Amino acid sequence: MLNERMYKLGSQRSGIRELFEFGQQRAKIVGPENVFDFSIGNPSVPCPDEVTETLKNLLNEDPVKIHAYTSAQGLPSTREAIAESLGKRFEMDVRPQDIILTCGAAAAICTTIRALTASPDDEFMVQAPFFAEYNVFVPEQGGKLVVIEPDLETFDINIDAIEKAITQNTKGLILNSPNNPSGHVASLDTLKTLAAMLKRKSEEIGHPIYIISDEPYRELIYTDTVVPYLPQIYPDSIVCYSFSKALSLPGERIGYIHVPKDAYLSEKIVPAILGALRAMGYVCAPSLFQRAIEQNVDVRPSLDVYRENRNILSDGLKALGYRVIEPEGAFYLFVEAPGGDANAFSEKAKEKDVLVVPGDAFGCPGFMRISYCVKKDTIERALPRFAELI
Ligand code: PLP
């Protein structure tokens, strides 16, 4: 006998992966240039030159050293560099012992959920639309995912709905701003109101409600909007960061967790996360990339390509009559499906070799996600096809 639950998880393909594979098959028949694949969130700009240079230099160093295991929490010098950078940027006291290097945001979220979950009744709220993998991450780490309905007009944080969903079992709220898939960025005012409500409710239920802030898109912002740093506003925020999108390193699996020193039980959360990393066999984050990050912690992505893509796609679709949720960050456009049925729209679009993901995958039917981390030319040539679909 096998673990049937794992068997199911491993054999079910996500809708996004299925579309992506459909695109690969079609590319063999009609040519890759005639498939308009907007399904996946792989960065389309190369990692910054500084990172490539650092990697080349690192490879000239002693291989025994650079490829060695590091401590489970991560190299002290890398944690120092991250702590110093966060401390300066957000004007707060961040210590190296508050940082844990991880294999990307996915490992950061899973181990944080596992560390916080004390009982199978523990609930983690998330507002739709949300990154579909939370459907796996939360229950597989022992918690329950509670989905909050979105505000379909603004896509802002639905504070009233969150408040109503809080129970004695509420352990945390997963926030993801800039958001995948809507591109929405929560404002400072909204986060302050949310923090005040969570503080009041935490007192009412007699234990803290943690925010798990999933931030792979923190640096991908196209307007003047400032992405607030949650620990400044709400100390019980655990930040799960990743270099996957900002430095275009998604396959290298590198990110970190910041547990603010003022978070309730912070002195126990860090070892509990290290315990979860150990239980899940992570050992340590990739050694070469810990070293590479240490030297590039303040390198920011070039946003020109994504900004231009965003503008062409958003303006183009609006001109055709589509309702577009104007994205401030990340690299996705969330668009209302004409006729209201995103699955039907996605199927119709597939017939034209245009691949868009129905919002059902993100807990938000009736909308579709269009990833614009693609070539500009793909967007420009796809617009006439979108015109035929409305
Ligand atoms: N969280 C969100 C919202 C994402 O969109 C992704 C990846 O697309 C992840 C987490 C996982 O990121 P990582 O590659 O760092 O594991």
Side-chain angles (χ1 to χ4, degrees), residues 14-17 19-20 37-45 47 51 74 82 99-114 124-138 140-141 145 147 150 155 157 172-186 211-221 227 230 237-258 273 276-277 280 282 285-286 289-290 292-293 301 306 327-334 357 359 361-364 369-374:
S14 77
I16 299 176
R17 183 114 328 244
L19 270 174
F20 176 72
D37 185 357
F38 299 104
S39 66
I40 218 151
N42 245 333
S44 57
V45 297
C47 76
V51 178
I82 293 170
I99 303 295
I100 303 163
L101 272 299
T102 61
C103 299
I109 299 161
C110 286
T111 50
T112 299
I113 300 284
R114 183 127 178 201
F124 293 86
M125 301 177 288
V126 69
Q127 181 177 313
F130 61 92
F131 178 51
E133 288 299 276
Y134 300 156
N135 282 314
V136 178
F137 293 172
V138 174
E140 291 308 324
Q141 302 314 325
L145 189 69
V147 177
F155 282 85
I157 298 179
L173 166 69
I174 305 176
L175 279 191
N176 168 227
S177 169
N179 181 265
N180 171 11
S182 73
H184 182 77
V185 179
I211 291 181
I212 295 99
S213 184
D214 179 18
E215 304 188 2
Y217 303 98
R218 187 199 294 154
E219 326 298 351
L220 303 188
I221 287 288
V227 181
L230 267 156
S237 299
I238 301 173
V239 174
C240 297
Y241 184 78
S242 165
F243 296 93
S244 289
K245 316 285 171 166
L247 295 185
S248 297
L249 295 171
E252 306 301 353
R253 317 306 304 134
I254 187 80
Y256 63 80
I257 302 170
H258 172 207
I273 292 174
L277 283 165
M280 291 155 84
Y282 277 116
F289 281 85
Q290 290 191 47
I293 288 318
Y306 297 142
E328 288 178 292
F331 41 43
Y332 310 102
L333 199 66
F334 213 45
V357 185
F362 312 100
C364 197
R369 188 189 79 171
I370 308 180
S371 300
Y372 56 81
C373 42
V374 295

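The basis for the numbers below is simple: all heavy atoms, side chains too, and nothing from hydrogens, waters or symmetry mates. Atoms within a ligand are numbered from 1 in the order they appear, just like the ligands themselves. Predicted, not measured: the structure shown is a model, and the values here were computed from it.
- For a heavy-atom separation below 4.0 Å, the residues in contact with ligand 1 are Gly104, Ala105, Ala106, Phe131, Asn176, Asn180, Asp214, Pro216, Tyr217, Ser242, Ser244, Lys245, Arg253.
- In this structure, the side chain of Asn176 engages the main chain of Pro178 through a donor-acceptor pair within 3.5 Å.
- With sequence neighbours excluded, the residues forming a salt bridge (charged side-chain N to carboxylate O under 4.0 Å, His left out) with Glu219 are Arg89, Arg300, listed by chain and number.
- Between the Thr102 side chain and the Gly104 main chain, a donor and an acceptor come within less than 3.5 Å of each other.
- Applying the ring pair (Phe, Tyr, Trp, His ring centres under 6.0 Å) rule to Phe124 yields no partners; only residues at least two apart in sequence or on another chain are considered.
- In this view, Tyr332 and Tyr217 satisfy the ring pair (Phe, Tyr, Trp, His ring centres under 6.0 Å) rule, not counting sequence neighbours.
- With hydrogens and angles ignored, the 3.5 Å screen pairs a side-chain donor or acceptor of Tyr306 with a backbone N or O of Ser44.
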